[in-house]
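Let me begin by presenting the structure, written as structure tokens, before commenting on it.
Source: prediction; values computed, not measured. When reading the values below, keep in mind they use all heavy atoms of this one structure, side chains included, and skip hydrogens, waters and symmetry mates. Numbers restart at 1 for each chain; the letters A, B, ... are given by sequence-line order, proteins then strands.
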Number of protein chains: 2
Amino acid sequence: MASESKTSEEIARERLIDLAAEFYDQFDRGEIPEMKLPTRTKSNIEYDEDSHVWVYGDRTSTRSANSVRGARKLLKATYTIEFLARQLDEDRSSTLRELYYLSESWDAEEAHFSDQDESNQLVEDLEIVSNVTREDLHMRPEESGATLMGPLKIREQTRRGEREIHCQGDVGEGGYQIPNNPDTIDFLEHDIDFVMCVETGGMRDRLIENGFDEDYNALIVHLKGQPARATRRITKRLHDELDLPVVVFTDGDPWSYRIFGSVAYGSIKSAHLSEYLATPEARFVGIQPQDIVDYDLPTDPLADSDINALQSELEDPRFMTDYWEEQIELQLDIGKKAEQQALAARGLDFVTDEYLPTRLDEMGII
Amino acid sequence: MASESKTSEEIARERLIDLAAEFYDQFDRGEIPEMKLPTRTKSNIEYDEDSHVWVYGDRTSTRSANSVRGARKLLKATYTIEFLARQLDEDRSSTLRELYYLSESWDAEEAHFSDQDESNQLVEDLEIVSNVTREDLHMRPEESGATLMGPLKIREQTRRGEREIHCQGDVGEGGYQIPNNPDTIDFLEHDIDFVMCVETGGMRDRLIENGFDEDYNALIVHLKGQPARATRRITKRLHDELDLPVVVFTDGDPWSYRIFGSVAYGSIKSAHLSEYLATPEARFVGIQPQDIVDYDLPTDPLADSDINALQSELEDPRFMTDYWEEQIELQLDIGKKAEQQALAARGLDFVTDEYLPTRLDEMGII
């Protein structure tokens with residue numbers, strides 16, 4: 001089909017123009033222009049038991065020009081659509097913050113954004129209504145920054161031409177920097193047995209120094225705490241396109257379980273993107289409360305906020321499995337948490353010589 | 001001289017052993033072992049008017065084993081020295097957090113660190129007493145993460161051999177990731193006219209998208225907010241070894257002036273490293289209060305904490321120049337601050353077509 005040969009930029013641009021054309025048609029028919037989108041409150045977000053990710057429910061809200069406030073919102077949407085369509089046409093990109101400031105240059109003063117929350121929200125709305133991701137609208141995040149290291153050769157389409165990079169042989173110890181839009185990457189060749197996402201820089205460096213990526217044919221993805229969209233996207237693509245197991249190695253505390261949850265199941269904030277970002281098959285290889293007991297790891301006591309977070313995880317459909325219930329109950333019981341680097345109490349090689357091989361073997365990954 | 005052919009690891013190791021030997025000799029002479037180091041309170045840190053960086057004053061403190069508390073500190077120091085010497089001998093490295101946890105495995109329970117502040121502090125003490133940097137002791141930071149993009153070819157000595165990388169042609173849009181210890185890098189070839197350190201990722205990406213590094217032969221260093229030691233170190237090396245001008249492009253607020261200050265003059269916390277990390281010749285090309293007025297940039301009002309920070313900068317010897325006094329007084333007067341991305345209010349190309357060329361021309365950089 002002809003549409004299959006269109007670039008993602010062309011498709012994104014057409015969908016934006018369709019939105020604007022819809023307003024035009026509404027005017028033309030003598031109707032008050034409006035835009036429908038899923039209600040984005042927590043009560044309209046559901047955990048889909050089949051796909052194991054967050055999705056929107058059936059309720060929709062309507063943005064209508066039948067009030068000054070609503071009309072102003074649609075005006076801002078049309079100006080933003082015009083800006084984005086031109087940006088795609090010129091193959092340029094910009095950040096959410098630039099969009100906010102840029103609105104100051106628009107001739108209709110009513111279209112200027114009053115704060116950045118408003119413009120961020122509008123871009124999310126447009127993502128949902130047009131079914132085009134922010135990346136395909138060429139909106140960049142403020143910071144990305146995660147890296148890959150492992151037996152993978154990629155081709156990145158940059159503005160300055162193609163770059164072929166092997167994520168061990170062609171990079172320094174810092175690894176390969178994931179670009180803001182990882183869909184500019186093609187996977188060329190690989191020798192990866194599994195993908196391991198690692199929460200902290202200290203542990204990522206430990207695994208690289210100990211040669212874990214080489215010894216186990218692991219691709220090490222540094223999450224840098226709560227992972228950026230680009231990091232989650234490339235993880236999903238590695239799983240789906242190369243059919244690779246994904247494991248997530250984090251600290252042993254409720255915040256780190258959420259990091260695992262966002263890689264695996266998506267987040268409430270990006271429920272409209274779960275199919276694009278989430279890897280429900282990802283498995284947890286982080287520090288488990290059971291490890292704290294078994295290995296007598298150095299710990300910190302749970303703070304009140306940790307206890308509350310653990311209790312709300314017990315109510316969270318993403319964690320409603322026997323495994324998680326057992327581990328979370330155990331953690332509440334012992335009242336302790338441990339960091340992944342706490343494994344160093346058994347020596348610097350313990351994590352790569354014993355801990356990970358044992359866990360991964362039990363899970364059938366190696 | 002023979003000593004010149006020693007590796008930095010060998011020198012670091014010898015200096016550590018010398019420290020331990022000193023304790024031995026003190027015991028041997030029947031003296032109570034002690035360790036002298038500069039007093040590290042704010043009152044003993046001076047701004048050196050000649051070298052334009054922070055340095056320690058003349059006062060010293062003594063850690064002596066004449067109390068249980070003092071003896072325990074020296075015990076921890078000797079265990080740490082042993083660990084570091086072995087680490088260097090085996091050409092390995094570790095993070096500060098790993099050292100803290102690792103102490104749990106030491107046989108003398110009295111040598112275990114009670115919290116990470118204690119082990120961090122001890123490593124800083126050893127840096128100062130041995131005159132060896134943390135990088136040469138092979139202690140890694142938790143996170144590094146800054147990147148380079150520009151006409152520079154480097155050779156990085158990695159654990160897996162040498163890598164030659166051109167910081168435009170051999171990297172993706174994310175750029176070249178600076179390793180934790182940038183002294184593993186040799187500069188091979190370059191076509192750089194000046195080095196530009198940029199505070200935010202959004203602006204870094206803007207400059208790369210607009211081809212600023214290509215058009216002006218600029219090496220773009222992403223600071224990622226308050227820069228890591230590795231980022232400051234490579235900036236200094238680029239200036240000193242390649243004789244390149246360095247400019248720092250930040251937001252226009254007191255916190256960003258401090259970012260400039262830490263690149264240029266060092267920080268109080270790392271006063272013992274100013275000669276290793278600071279680039280006193282670096283110049284400020286960030287948003288100036290005068291720009292807010294001249295270009296009518298979108299602004300936010302100064303918060304009370306901003307006003308306090310500006311007032312304390314007026315008392316800070318690093319900012320006691322006519323230029324800074326004028327700009328800071330102006331900012332207090334107009335009561336506003338602006339981000340670097342606020343330049344987008346004049347269009348996405350304003351920063352590269354007008355703002356930076358004008359500023360850099362006025363400063364004689366281009």
**Prompt:** So which part of B:E162 gets closer than 4.5 Å to some heavy atom of chain A, the side chain, the backbone, both or neither?
**Reply:** neither
**Prompt:** Side chain, backbone, both or neither: which part of B:I208 has a heavy atom under 4.5 Å from chain A?
**Reply:** both
**Request:** Look at B:R204, B:Q168, B:M203 and state which one has the largest set of heavy-atom pairs under 4.5 Å with chain A.
**Result:** B:Q168
**Asked** What is the minimum heavy-atom distance between B:S94 and A:L348, and which atoms define it?
**Response** CB-CD1, 4.0 Å
**Asked** Would you call A:Q177 and B:V171 a side-chain contact if the rule is heavy atoms closer than 4.5 Å?
**Response** no
**Prompt:** Which one of B:Q87, B:E104, B:R163 has the most heavy-atom pairs closer than 4.5 Å to chain A?
**Reply:** B:R163
**Item:** Within residues 149-157 of chain A, residues adjacent to chain B where the heavy-atom gap is under 4.5 Å
**Value:** A:M149, A:E156
**Prompt:** chain B heavy atoms under 4.5 Å from A:I165: which part of the residue, side chain, backbone, both or neither?
**Reply:** side chain
**Item:** Interchain contact, B:R346 with chain A, by part (heavy-atom threshold 4.5 Å)
**Value:** neither
**Asked** In a check of salt bridge (charged side-chain N to carboxylate O under 4.0 Å, His left out) between A:D205 and each of B:R97, B:R92, B:R140, which one passes?
**Response** B:R140
**Request:** Could you tell me which portion of A:E164 (side chain, backbone, both or neither) has an atom closer than 4.5 angstrom to a non-hydrogen atom of chain B?
**Result:** neither
**Heavy atoms of other groups near A:E90 CD, more than 12 under 6.0 Å** = yes
**Complete:** Checked B:G175, B:S105, B:P298, B:G211 vs chain A; the most non-hydrogen pairs under 4.5 Å come from B:P298
**Message:** For the interface with chain B, which of A:T158, A:L297, A:T184 has the highest count of heavy-atom pairs at distances below 4.5 Å?
**Reply:** A:T158
**Max heavy-atom pair count under 4.5 Å with chain A, selected residue of B:E339, B:E173, B:E98, B:E209** = B:E209
**Request:** Could you tell me whether A:K336 atom NZ has more than 12 heavy atoms of other residues or ligands within 6.0 Å of it?
**Result:** no
**Prompt:** Which pair of heavy atoms, one from A:Y101 and one from B:A344, lies closest together, and at what distance?
**Reply:** CB-CB, 4.2 Å
**Prompt:** Roughly how far, to the nearest 0.5 Å, is CG of A:D300 from CG of B:D115?
**Reply:** 10.0 Å
**Item:** For chain B, the option from A:G201, A:G347, A:G202, A:S93 that forms the most heavy-atom pairs under 4.5 Å
**Value:** A:S93
**Prompt:** Tell me, side chain or backbone of B:S103 under 4.5 Å from chain A's heavy atoms, or both, or neither?
**Reply:** neither
**Top contributor to chain A interface from B:G161, B:A342, B:G172 [non-hydrogen pairs under 4.5 Å]** = B:A342
